[in-house]
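Accompanying notes for the structure given below.
Values below: all heavy atoms of this structure, side chains included; hydrogens, waters and symmetry mates excluded.
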Amino acid sequence: MQYRLLYFASLRDRTGCAAESLVSTAADPRALYAQVAERHGLSLPPERLRVAVNGEFAGWDRSLRDGDEVVFLPPVSGG
Amino acid sequence: MQYRLLYFASLRDRTGCAAESLVSTAADPRALYAQVAERHGLSLPPERLRVAVNGEFAGWDRSLRDGDEVVFLPPVSGG
Amino acid sequence: MSAFGLSDTPLDPAALARELASASAGACVNFEGWVRNHNEGKAVLRLGYQAYAPLALAEGERILTEARERFAIEGARCVHRTGELAIGELAVWVGVSAAHRDAAFAACRYVIDEIKRRVPIWKNEFYADGASGWLHPDGTPV
Amino acid sequence: MSAFGLSDTPLDPAALARELASASAGACVNFEGWVRNHNEGKAVLRLGYQAYAPLALAEGERILTEARERFAIEGARCVHRTGELAIGELAVWVGVSAAHRDAAFAACRYVIDEIKRRVPIWKNEFYADGASGWLHPDGTPV
């Protein structure tokens, strides 16, 4: 399946991109993050991240569908 | 002795004046208020008032001196 | 400059807030008291405030000094209106700046609570039924 | 109109506050978050904010709805800056109006706390020593 990934903050710095399209066999965000972390050498463990799918918060076990927009969110620091 | 009295809020309405000069034998605010309350028909008991002498809060037993400015303060309601 | 003031003309919150500006402050909390069109179930048309000015200024200044002593804040200001005010008008403005928001919120709350409790200012409400009344904070007339 | 907004241009607190004006509100509490020239002992030159806009807008709106449900308030608004900000600039503005000040203070505090905890916005601090860092709220880099 093909996913659209967006990156913010330290993940954007580390991956060097704000967005990318990725063809992957990962069926949920947990598997997808493992692939992405290896690909880009990300050091943040999933416990420190939240997941959003198609603009809403989602669980790590959410079933992904072809074309989903998936975002791994570093700890926020607005305000 | 002669005192200068200022009136605010309901006391001003009741006495009909913002300020008056009063010659009195009262030696402290407690005695002075008793005279003023009788003179103007004031119904607020001293327990509901505070006293200021010469622009600072004072006790009911404070010794008054000739020329003092004495104010009996109704419960405040600013804000 | 005095930290506490009385004003018989409309307050300008933006100008007041600018006086608190500071490069080391990360938080600013403002309280505005507005003239409300109702109180205790009665329709209010307008308000009048009287102040015993010399003591109000001294006591207001003391409250702002206490706020600076009790809380880790940078700046604190308060101005209270006197005279006649229409519905919606700004009656009192409190502003507090601080490095962090905990102190700014706590100090701003302290200042408005103490102002209402201690500063010799009196509010006269004019009601739609033609009556008016000087208010005690507990709602009883005085 | 949306109650929560993102802006990549400077905020105008006076204009934002005017949108809360109400004849039945007696209290308005505003929180302003300013860019501070120091953090955790380090001199800060400027800040950059990134936001995941669609989710930030949805989550910010949820927080303001929660505030209206939990507290007896009339209006609640919040706008957060994005992009690069200089020292002293306004980064986030929260305003809450209510009949009484208890609810206005509590709701304003709730909104800024939840915004900082839940809304996908990230702060990058640029330090005087040339370094920069995305900040976790607990101070650890992310």
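The shortest distance between side-chain heavy atoms of R62(C) and T65(C) does not fall below 4.5 Å.
Residue contact with chain B, scored on non-hydrogen atoms closer than 4.5 Å, is absent for R81(C). For R14(B), no part sits under 4.5 Å from any heavy atom of chain C, backbone or side chain. With a 4.5 Å cut-off on non-hydrogen atoms, L73(B) touches chain C through its backbone and its side chain both. Within the 4.5 angstrom heavy-atom criterion, no atom of A53(C) approaches chain B. The parts of Y52(C) that come within reach of chain B are both its backbone and its side chain, each placing non-hydrogen atoms under 4.5 angstrom from that chain.
Taken to the nearest 0.5 Å, the CG atom of D28(B) stands 11.0 Å off from the CZ atom of R62(B). Distance check, rounded to the nearest 0.5 Å: CD1 of I121(C) to OH of Y49(C) gives 8.5 Å. To the nearest 0.5 Å, atom CD1 of residue I87(C) and atom CG of residue L47(C) are 6.5 Å apart.
Interface check for chain B: of the options A58(C), A51(C), P54(C), the most heavy-atom pairs under 4.5 Å are formed by A51(C).
Crowding of Q2(B) atom CD: a count of heavy atoms from other residues, nucleotides or ligands under 6.0 Å exceeding 12.
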